[in-house]
Amino acid sequence: MITATAPGKVILFGEHAVVYGRPALAAPVTQLRARAVVEMGDGPEVRLVAPDLGRATTLAAARADNALAATARLMEQRAGRPLPPGLSLSVSSAIPIASGLGSGAAIAVAVIRALGDCFQLELSREEVSALAYEIERLHHGTPSGIDNTVIAFEQPVYFVRQQPANRIETFRPARPLRLVIADTGVRSATKVVVGDVRRRWEAERDRFEAIFDACGRLAEAGRAALAAGDLAAVGRLMDENHAQLVEMTVSSADLDHLAGAARAAGALGAKLSGAGRGGNLIALVDESGEAAVCDGLMAAGAARLFRSDVG
Ligand code: PMV
C-alpha cells in the first residue's frame, strides 16, 4: 500500500490579480490534507474510488472530465507505461471543496505523489507542481499556478505568473501568523468567478488594471511586513486587500459580514481567500484575541472554523 498526502492552502494576498501577472502570497494549511492511497488487488481493471463522495469507477470507464482519471492518465504518460490491472486508487480529503482552500490541487498533488511512488519515479516538487498544474487547467481554464505551487512546495510562497517561468520564492514570516479560517458554507466554483472577473476586466480594463495594480502593491507591502514581523501592518494590508476584492465584485454579503465580525472581535485583519463569492475568510489573530475572534465569527454565522499557523 502506498499513501501520499498534500495540504490545503490560503492566499494571504493577491488572488485574482495573480492571474494577471501581479505578485501574490500563499501559505499551506498543513492541518487540512488530501490523501491518496494506492493498493494492489485482483481483477482486470484500474479502480478509482472517492469514498467521501460515494463515487467509484474504473479508469477505462471514467468520463473525460473526471479529474482523478485525468491525473491517472497523466501519470501513465509521464511513466511511459500503463497502471497495472488490479490497482485501486482511493482519495479522501478533509479540505472543503469549492471553498478557496485548494482542495482540487491538493487531491491532484497527493495522487501524483502516490502514483509517482507506484511507478518508482523521482519527482521533484517543481515537477509535481507542473503535473498538478495540468490538472488545475481542467478545473479552472486559466489558473495562475499559485495553488499547485504552494501545495506542492508545502511552504509559504511569493508567486508571480510570468513567462518563460513563474517567479517562485519560498519564505518564512519573521513572526508566525495565527490564522482563523471561517467557512461561509457557500460553495463557489473558481472557474465561474475567474471567468466573470475576466469579462469585467475586458469591459472596464483601466479600472480593473488599477485594482490589480493595487493588489500587487499590497502583496509586496505584505511581504515586507511579514519579513519585518509587523503583524499589525499585515492585518491592515489584509483589510485593504479585502476592500480591493470587494471592488472586483468577488466578495459577498456573507464574506463581508464575517470580515466585519472578525475585526469587531479584535482580529488584526481579515479578508476573503481564494476565488470568493463564497468559500472562506481568513482572519489574522494574536494569541490573546483568538478565542474572541472565533466566538465572533461563529456568532456571525460561520458554518465552521479551522485554525492554521503560518511559519
Ligand atoms: O481555487 P481558489 O478558489 O483557491 O482560487 C485560486 C485563486 C485565484 O487567483 C482566484 C485563481 C488563480 O488561478 O490564481
Side-chain angles (χ1 to χ4, degrees), residues 6-29 32-34 67 93-109 129-130 132-153 156-162 166-168 179 181-201 208-209 211-216 218-219 222 238 241-242 244-252 254-255 271-282 306 308:
K9 69 101 218 311
V10 289
I11 295 185
L12 299 171
F13 294 101
E15 48 275 273
H16 288 290
V18 68
V19 175
Y20 298 82
R22 277 35 168 220
L25 303 182
V29 178
L32 288 178
R33 305 192 74 87
S93 176
I95 309 165
I97 57 174
S99 302
L101 295 178
S103 120
I107 291 171
V109 166
S129 176
Y133 182 72
E134 293 306 312
I135 305 305
E136 284 283 279
R137 281 172 41 169
L138 296 177
H139 292 298
H140 286 200
T142 56
S144 63
I146 194 170
D147 277 24
N148 47 284
T149 301
V150 64
I151 289 167
F153 282 54
V157 294
Y158 169 88
F159 179 94
V160 188
R161 181 190 195 191
Q162 61 183 31
N166 294 329
R167 185 163 162 202
I168 297 165
L179 297 177
I181 303 173
D183 194 346
T184 59
V186 177
R187 289 185 181 176
S188 166
T190 300
K191 190 174 184 169
V192 173
V193 187
V194 168
D196 192 41
V197 170
R198 181 160 298 272
R199 274 187 296 281
R200 287 168 192 269
W201 169 72
F208 271 72
E209 284 290 325
I211 296 172
F212 297 152
D213 282 342
C215 293
L218 290 167
M238 286 169 63
N241 196 164
H242 185 78
Q244 295 296 335
L245 292 160
V246 170
E247 283 294 304
M248 254 184 243
T249 76
V250 299
S251 192
S252 67
D254 289 341
L255 284 163
K271 65 180 276 294
L272 72 84
S273 178
R277 302 244 175 101
N280 279 272
L281 177 99
I282 56 174
F306 308 102
S308 181

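Atoms within each ligand, like the ligands themselves, are counted from 1 in listed order. Because the structure is predicted, anything quoted here is derived from the model rather than measured. Numbering of residues begins at 1 and proceeds along the displayed sequence.
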Fill in: Atoms in ligand 1 flagged as close to Lys9, the criterion being non-hydrogen separation under 4.0 Å
2 (P), 4 (O)
Discussion item. Within ligand 1, which atoms have a heavy atom of Glu15 less than 4.0 Å away?
Written reply: 9 (O)
Item to complete: Check each atom of ligand 1 against the heavy atoms of Val18 and keep those under 4.0 Å away; list them by number with element.
Response: 9 (O), 14 (O)
Worksheet item: Looking at Asp196, Thr190, Thr184, Leu272, which hits side-chain contact (heavy atoms from CB on, under 4.5 Å) with Arg277?
Response: Asp196
Worksheet item: Which residue owns the protein heavy atom closest to atom 9 (O) of ligand 1, what's the atom, and how far is it?
Response: His16 N, 2.8 Å
Worksheet, complete the sentence: When rounded to the nearest 0.5 Å, the distance separating CZ of Phe13 from CE of Met238 is 6.5 Å
Practice prompt. Give a yes/no on ligand 1: does Glu136 have at least one heavy atom closer than 4.0 angstrom to it?
Written response: no
Item to complete: Starting at CE of Met248, measure out to CZ of Phe212 and round the result to the nearest 0.5 Å.
Response: 5.0 Å
Worksheet entry | Sub-4.0 Å atoms of ligand 1 with respect to non-hydrogen atoms of Ile146 | 14 (O)
Discussion item. For Ser129 and Asn148: C-alpha separation, side-chain torsions, deciding distance, then whether side chain to side chain donor-acceptor pair (under 3.5 Å) applies.
Written reply: CA-CA 5 Å; Ser129 176; Asn148 47 284; 3.0 Å; yes
Worksheet item: Between Ile11 and ligand 1, which residue portion shows a heavy-atom distance shorter than 4.0 Å: side chain, backbone, both, or neither?
Response: side chain
Response to the item:
Looking only at protein heavy atoms, what sits closest to atom 5 (O) of ligand 1 is Ala275 N, 3.4 Å
Practice prompt. Mark up the atoms of ligand 1 that fall under 4.0 Å of a heavy atom belonging to Pro143, in ascending order.
Written response: 13 (O)
Fill in: Contact check, side chains of Phe306 and Pro96, non-hydrogen atoms, under 4.5 Å
yes
Item to complete: Heavy-atom contacts with Gly274 under 4.0 Å: which atoms of ligand 1 show up? List them by number with element.
Response: 3 (O), 4 (O), 5 (O)
Discussion item. When you compare the side chain of Ser251 with that of His242, does any pair of heavy atoms fall below 4.5 Å?
Written reply: yes
Item to complete: Considering heavy atoms of the protein only, find what lies nearest to atom 6 (C) of ligand 1 and give residue, atom and distance to 0.1 Å.
Response: Asp147 OD1, 3.8 Å
Discussion item. Do Pro143 and Tyr133 make a side-chain contact, defined as non-hydrogen atoms from C-beta onward lying under 4.5 Å apart?
Written reply: yes
Fill in: Ion pair check, Glu209 and Arg22, cut-off under 4.0 Å
yes
Worksheet item: Rounded to the nearest 0.5 Å, how far does NZ of Lys271 lie from CG of Leu255?
Response: 10.5 Å
Worksheet item: How close does the nearest protein non-hydrogen atom get to atom 1 (O) of ligand 1, and which residue and atom is it?
Response: Thr190 OG1, 3.0 Å
Item to complete: Could you list which atoms of ligand 1 come closer than 4.0 Å to a heavy atom of Ser144?
Response: 12 (C), 13 (O), 14 (O)
